[in-house]
Amino acid sequence: MKTNLDKKKKYILACSYGPDSMALFSYLVKENIYFEIAHVNYHILKQADDDEKGIMKEASKYNIKVHALETHMPKGVNEEDWARDIRYDYFEKVSIETGIKDVLVAHNEDDLIETYFLQKERNNVVSYFGLKEVLIRKNYNVVRPLLGYSKKYLLDYCIENNIPYSIDPSNFDSKFKRNKFRNDIVSKLTREERNAILIEIQNKNAEIAKFLSLNKRFFKKKTLLINKDFLKEISDDKFDILLIELLKKSDIYVPISKGASKEIYLAIKSKKGNWKYPLKPNLYLYYEYGLLSIHEDQNDYVYKIDKPDVSGVFMINSKAKNFDLVKEKFPLFIKNVKPNETYFYDGKSLKVNREFISWKVPLSIRSVWPGIYDSDMNLIYVPKYQTGRNIKGDGLLKFNLNDIYE
């Protein structure tokens with residue numbers, strides 16, 4: 001068995017104790033590649049504790065450090081989606097704690113083909129078919145070094161080399177769509193049929209890569225620019241690729257149906273002001289002044305300030321021309337204002353929502369925009385939003401909203 005792994009680097013191995021991850025475990029040991037293990041015990045299977053003990057036993061033979069998470073599935077969730085989110089969040093946590101950026105996942109050729117079949121079956125939007133060998137996420141990289149090997153090859157590798165492993169019985173549960181493809185179709189493909197499918201996947205990904213390269217000018221960091229050229233050149237059947245790419249740039253991985261993508265595209269074409277579209281609980285796609293971006297709902301916050309010019313997330317500037325508004329009212333409180341609130345400034349009664357509209361405050365920022373309150377929680381002042389998506393306050397209230405927004 002051969003891989004493209006760099007023997008000078010350190011890795012985290014996502015290990016379930018299945019034959020795929022244990023084959024990779026053995027390979028790393030044989031090649032003297034440094035790695036630590038990340039294991040999630042969901043306590044769903046009866047053998048879950050035995051699997052964890054098996055990993056611990058093998059790891060102890062080679063003095064390999066194991067990071068293990070104990071968790072239990074809550075009621076009313078999709079088992080596959082929940083388990084996937086739990087493990088990848090944990091991989092990220094371990095990566096940050098150890099400083100090891102590359103997480104090895106033992107997906108194989110069968111997994112790649114199954115994923116492709118599932119993508120076609122579900123008719124979801126994708127910007128890449130199958131599985132990438134390296135997926136760059138916000139804080140770490142998912143690396144799949146075994147995509148060139150079949151599931152049978154890895155199982156035989158374990159048997160021939162006396163590598164311990166455990167078979168997950170849920171792999172044969174027909175309630176999971178992936179298992180139907182795995183057991184009824186993929187496992188029965190000839191080598192010629194597999195190669196034909198892999199070439200088909202490769203060609204489709206090449207087409208997508210070419211399209212993204214030609215239209216990269218519409219991306220500005222984590223936003224998608226909707227201008228005249230975009231509206232003229234991008235059709236609804238191509239918009240979905242840009243939408244998924246925007247999700248990836250935002251390190252968000254949620255499925256989007258073609259129907260949802262078309263609905264979003266039509267909303268953009270209708271040119272009806274600013275709006276937000278729910279992607280999942282607390283996560284929204286925002287259309288604001290010709291830009292598409294993705295943000296999570298933020299929690300309410302309250303900061304207490306006992307005196308001016310003390311550094312922190314927010315700072316009252318005693319040198320501001322309107323410092324007289326607050327100088328006799330300490331302690332002050334900074335919290336996110338609500339659209340229906342009213343305050344008095346320069347002899348006028350001002351409604352927060354009307355000011356937001358006048359200042360062209362993006363929808364994604366309105367829910368966290370700060371206000372200054374007195375000790376009775378009366379709103380005294382709301383700093384003006386500077387156009388051009390500048391979210392750094394610099395008058396009476398100094399702050400950088402990124403500190404609480406991202």
Side-chain angles (χ1 to χ4, degrees), residues 85 125 127 137-139 217-227 230-231 234 239-240 242-256 260-261 263-303 313-314 334-341 343 350-372 379 381-395 397-406:
D85 290 345
V125 180
S127 62
R137 303 194 69 163
K138 183 178 181 180
N139 294 309
R217 68 189 186 281
F218 293 123
F219 286 101
K220 185 179 180 181
K221 295 184 179 180
K222 296 180 182 180
T223 60
L224 187 60
L225 177 63
I226 312 298
N227 56 19
F230 182 97
L231 295 171
I234 305 301
F239 167 72
D240 52 13
L242 298 180
L243 177 58
I244 291 299
E245 190 67 12
L246 176 62
L247 285 164
K248 287 184 178 180
K249 288 180 180 294
S250 303
D251 200 42
I252 301 294
Y253 298 87
V254 294
I256 301 288
S261 175
E263 183 180 347
I264 294 167
Y265 178 82
L266 292 175
I268 292 171
K269 296 282 283 189
S270 69
K271 302 178 182 178
K272 291 182 179 178
N274 300 328
W275 44 264
K276 64 179 184 179
Y277 184 93
L279 298 174
K280 69 176 185 178
N282 299 321
L283 183 69
Y284 294 88
L285 175 72
Y286 284 89
Y287 178 77
E288 308 163 301
Y289 306 107
L291 292 173
L292 273 182
S293 58
I294 299 165
H295 301 284
E296 290 184 287
D297 268 3
Q298 305 296 308
N299 294 325
D300 290 346
Y301 60 86
V302 178
Y303 290 85
V313 175
F314 295 101
I334 313 300
K335 67 187 187 77
N336 45 324
V337 297
K338 306 300 179 184
N340 60 349
E341 291 188 274
Y343 66 106
L350 303 172
K351 191 76 175 268
V352 170
N353 191 45
R354 295 306 307 168
E355 294 299 282
F356 280 172
I357 294 172
S358 174
W359 298 338
K360 294 186 177 180
V361 181
L363 292 176
S364 57
I365 290 176
R366 293 183 190 185
S367 64
V368 288
W369 195 253
I372 302 176
L379 179 60
Y381 180 75
V382 179
K384 183 177 180 180
Y385 174 79
Q386 304 299 313
T387 57
R389 297 187 67 81
N390 172 20
I391 61 174
K392 187 174 183 179
D394 59 2
L397 184 62
K398 288 190 173 184
F399 63 95
N400 187 337
L401 205 55
N402 282 324
D403 292 339
I404 59 172
Y405 185 68
E406 292 188 343

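Sequential numbering from 1 along the given sequence is applied to the chain's residues.
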- Query: Just wondering, do Leu247 and Leu285 contact through their side chains at under 4.5 Å, heavy atoms?
  - Reply: no
- Task: Count the heavy atoms belonging to other residues, nucleotides or ligands that lie under 6.0 Å from CG of Asn340, then report whether that count exceeds 12.
- Result: yes
- Does Lys338 have any side-chain hydrogen bond (donor to acceptor under 3.5 Å, both in side chains) partners at least two apart in sequence or in another chain, and if so, which? Asp300
- Task: Sort out for me which residue in Tyr287, Phe230, Phe239 forms a ring-ring contact (aromatic ring centres under 6.0 Å, His included) with Tyr265.
- Result: Phe239
- Query: Is the closest side-chain heavy-atom distance between Arg366 and Asn353 below 4.5 Å?
  - Reply: yes
- At their closest point, which heavy atom of Val313 faces which heavy atom of Phe399, and how far apart are they? O-CB, 3.5 Å
- State whether the side chain of Ser358 and the backbone N or O of Glu355 hold a donor-acceptor pair below 3.5 Å, judged by distance alone. no
- Query: If you round to the nearest 0.5 Å, how far is CG of Leu243 from CG of Leu279?
  - Reply: 7.5 Å
- Query: How about Val352 and Leu379: do any of their side-chain heavy atoms sit closer than 4.5 Å?
  - Reply: yes
- Message: Ring centres under 6.0 Å, that's the criterion: do Tyr284 and Trp275 meet it?
- Response: no
- Query: Hey, which of Trp369, Tyr289, Phe356 is the one that makes ring-ring contact (aromatic ring centres under 6.0 Å, His included) with Tyr385?
  - Reply: Trp369
- Between the main-chain N or O of Leu363 and the side-chain N or O of Glu288, is there a donor-acceptor pair closer than 3.5 Å? yes
- Item | Tyr343: partners by ring-ring contact (aromatic ring centres under 6.0 Å, His included), with sequence neighbours left out | none
- Query: Who are the side-chain hydrogen bond (donor to acceptor under 3.5 Å, both in side chains) partners of Ser127, not counting sequence neighbours?
  - Reply: Lys248
- To the nearest 0.5 angstrom, please state how far the NZ atom of Lys335 sits from the OH atom of Tyr301. 9.5 Å
- Close side-chain approach of Thr223 and Leu292, heavy atoms under 4.5 Å: no
- Spacing of Asp240 atom CG and Ile264 atom CD1 [to the nearest 0.5 Å]: 10.0 Å
- Query: Side chain of Lys222, backbone of Ile294: donor and acceptor closer than 3.5 Å?
  - Reply: no
- Item | Approximate separation, where rounding is to 0.5 Å, of Ile252 CD1 and Lys138 NZ | 8.5 Å
- Can Phe219 and Leu242 be said to form a side-chain contact (heavy atoms from CB on, under 4.5 Å), step by step? CA-CA 9 Å; Phe219 286 101; Leu242 298 180; 3.8 Å; yes
- Query: Can you name the nearest heavy-atom pair linking Pro370 to Val382, along with the distance?
  - Reply: O-CG1, 3.9 Å
- Message: Whether the side chain of Ser250 engages the backbone of Leu246 through a donor-acceptor N/O pair (distance < 3.5 Å, no angle test) should be reported.
- Response: yes
- Task: Kindly indicate whether the side chain of Leu224, heavy atoms from C-beta on, has any atom under 4.5 Å from the side chain of Leu291.
- Result: no
- Query: Donor-acceptor pair, Asn336 side chain versus Ser367 backbone, under 3.5 Å?
  - Reply: yes
- Query: Distance from Asn400 atom CG to Phe314 atom CZ, nearest 0.5 Å?
  - Reply: 9.5 Å
- Look up atom CD in Glu341 and atom CG in Leu350, then write down how far apart they are to the nearest 0.5 Å. 13.0 Å
- Measure across Val125 and Ser261 and return the closest heavy-atom pair with its distance rounded to 0.1 Å. CG2-CB, 3.8 Å
